[in-house]
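Quick caveat, the model's predicted, so the values are computed rather than measured. We count residues from 1, following the sequence as given.
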Amino acid sequence: MSFRSTDLNQLGYVSLANYSPTGTNDISSKSRKVCGAIKASKPASIESIFKYLNNEAFRDYLNDETILVPVPSSSLRVPGGNWPSLSICQALIKNGFGHFSHELLKRTRAIPKSSSRSSSAERNSVQDHIDSLAVNPSTDNFTNVTLVDDVVTQGRTSMACAIVLNRYFSSINKAIDIKLFSVFQTKSFEDAELSELVNIHQGIIHYYSSGKTYRK
């Protein structure tokens, strides 16, 4: 499948904190430590984010009319295995941030982890993600979907997830509003030294016919 003129070309998102993969100052180092704990699905680390989520910025993303959909990991799911996005979803629902959690998306084949690629050009494309994702059909009645992830970098994974969901629901004539909540947003390599960890940010991921994404 290639780019379609009917595909979503932008995805609104909100993130809670900054993440620096290369920064050397104390805050950058702390971002990696906290992010690592959340990726490991450590309950105390996940629960530490809730005190910030009553901010107005999250209201349209995490409310009682929205279902939360975990963004699939790059690997195939293993029963009992760690799935950070699902752990975050479950904790959010337990604490009243969202209507319910639904595993609407799954990987049909494993793809390389983005963190294992040294440059943007080597990372999985939006199309790579689209080709390795499928929808678990649902008969539940809902119109608002928030994708949930631990870290958003360029937005390729989440954009692909949104496109796959939009294609599916469009095929059954159901209109769905899709957004993204990510605990962390990755700061660029040019701006790697963090001055603050918690930094609530709302933005848009743009998707172009060239296959590239741009997050702002």
Side-chain angles (χ1 to χ4, degrees), residues 11-55 57-58 61-62 68-75 77-78 81-95 97-98 101 105 107 110-120 122-124 129 146-162 179-203 205 213 215-216:
L11 176 66
Y13 75 94
V14 64
S15 57
L16 171 61
N18 292 326
Y19 168 71
S20 172
T22 59
T24 58
N25 67 14
D26 289 345
I27 298 176
S28 299
S29 297
K30 184 177 180 179
S31 77
R32 291 193 291 275
K33 181 178 180 180
V34 176
C35 184
I38 287 178
K39 281 182 172 293
S41 296
K42 293 185 177 180
S45 297
I46 294 175
E47 290 170 8
S48 69
I49 73 176
F50 299 138
K51 61 185 176 182
Y52 302 102
L53 297 186
N54 288 316
N55 187 287
F58 299 105
Y61 296 79
L62 305 172
L68 308 183
V69 176
V71 170
S73 301
S74 58
S75 58
R77 189 177 184 192
V78 177
N82 181 39
W83 184 357
S85 297
L86 178 60
S87 297
I88 296 168
C89 281
Q90 292 171 338
L92 287 168
I93 295 300
K94 181 181 177 180
N95 285 270
F97 296 101
S101 176
L105 290 164
R107 288 284 181 193
I111 59 174
K113 288 185 178 181
S114 295
S115 58
S116 68
R117 305 300 181 93
S118 59
S119 70
S120 173
E122 295 176 336
R123 290 174 178 257
N124 299 306
H129 287 290
T146 293
L147 296 165
V148 174
D149 209 353
D150 47 11
V151 183
V152 59
T153 300
Q154 293 177 318
R156 294 179 184 180
T157 308
S158 48
M159 192 75 238
C161 288
K179 297 182 285 291
L180 168 70
F181 163 73
S182 181
V183 179
F184 289 94
Q185 64 159 338
T186 302
K187 300 297 287 184
S188 68
F189 287 93
E190 294 79 11
D191 187 26
E193 300 298 343
L194 301 183
S195 58
E196 56 186 348
L197 182 58
V198 175
N199 177 27
I200 297 171
H201 177 77
Q202 285 183 278
I205 299 167
T213 55
R215 176 175 64 85
K216 67 175 185 179

Go through the steps for Leu16 and Phe58 under the test side-chain contact (heavy atoms from CB on, under 4.5 Å), then give the verdict.
CA-CA 9 Å; Leu16 171 61; Phe58 299 105; 4.0 Å; yes
Compare all side-chain heavy atoms of [X] with those of [Y] and state whether any distance is below 4.5 angstrom.
{"X": "Val151", "Y": "Val183", "result": "no"}
{"X": "Ser31", "Y": "Pro21", "result": "no"}
{"X": "Ile46", "Y": "Ser87", "result": "yes"}
{"X": "Pro70", "Y": "Ser101", "result": "yes"}
{"X": "Ile38", "Y": "Pro84", "result": "no"}
{"X": "Leu194", "Y": "Lys30", "result": "no"}

Measuring from [X]:[atom1] to [Y]:[atom2], what's the distance to the nearest 0.5 Å?
{"X": "Lys39", "Y": "Phe184", "atom1": "NZ", "atom2": "CZ", "answer": "9.5 Å"}
{"X": "Asp26", "Y": "Glu193", "atom1": "CG", "atom2": "CD", "answer": "10.0 Å"}
{"X": "Tyr61", "Y": "Leu53", "atom1": "OH", "atom2": "CG", "answer": "13.5 Å"}
{"X": "Lys33", "Y": "Leu197", "atom1": "NZ", "atom2": "CG", "answer": "12.0 Å"}
{"X": "Leu105", "Y": "Thr157", "atom1": "CG", "atom2": "OG1", "answer": "11.5 Å"}
{"X": "Met159", "Y": "Leu11", "atom1": "CE", "atom2": "CG", "answer": "5.0 Å"}

So which heavy atom on [X] is nearest to which on [Y], and how close?
{"X": "Leu180", "Y": "Thr146", "result": "C-CG2, 4.1 Å"}
{"X": "Ala57", "Y": "Gln202", "result": "O-NE2, 3.6 Å"}
{"X": "Leu62", "Y": "Leu68", "result": "CD2-CD2, 3.9 Å"}
{"X": "Ile205", "Y": "Gly155", "result": "CD1-CA, 3.8 Å"}
{"X": "Arg215", "Y": "Gln154", "result": "CB-O, 4.1 Å"}
{"X": "Trp83", "Y": "Ser73", "result": "CD1-OG, 3.6 Å"}

Tell me whether the rings of His201 and Tyr13 are parallel (<30°), tilted (30 to 60°) or perpendicular (>60°).
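Ring orientation of His201 relative to Tyr13: tilted.
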Evaluation steps, side-chain contact (heavy atoms from CB on, under 4.5 Å), between Ser182 and Asp150
CA-CA 5 Å; Ser182 181; Asp150 47 11; 5.9 Å; no
Kindly say whether [Y] contributes a backbone atom to a donor-acceptor pair with the side chain of [X] at under 3.5 angstrom?
{"X": "Asn95", "Y": "Glu47", "result": "no"}
{"X": "Arg32", "Y": "Ser20", "result": "yes"}
{"X": "Arg156", "Y": "Thr213", "result": "no"}
{"X": "Asn18", "Y": "Glu196", "result": "yes"}

Can you check side chain to side chain donor-acceptor pair (under 3.5 Å) on Asp149 and Ser158, steps first, answer last?
CA-CA 8 Å; Asp149 209 353; Ser158 48; 5.9 Å; no
Would Phe181 and Val152 count as a side-chain contact (heavy atoms from CB on, under 4.5 Å) if you check the C-alpha gap in whole Å, the side-chain angles of each, and the deciding distance to 0.1 Å?
CA-CA 9 Å; Phe181 163 73; Val152 59; over 6 Å; no
Are more than 12 heavy atoms from other residues, nucleotides or ligands located less than 6.0 Å from atom CZ of Phe50?
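Counting neighbours around CZ of Phe50, more than 12 heavy atoms of other residues, nucleotides or ligands fall under 6.0 Å, so yes.
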Step by step, work out the side-chain contact (heavy atoms from CB on, under 4.5 Å) result for Gln185 and Asn199.
CA-CA 9 Å; Gln185 64 159 338; Asn199 177 27; 4.1 Å; yes
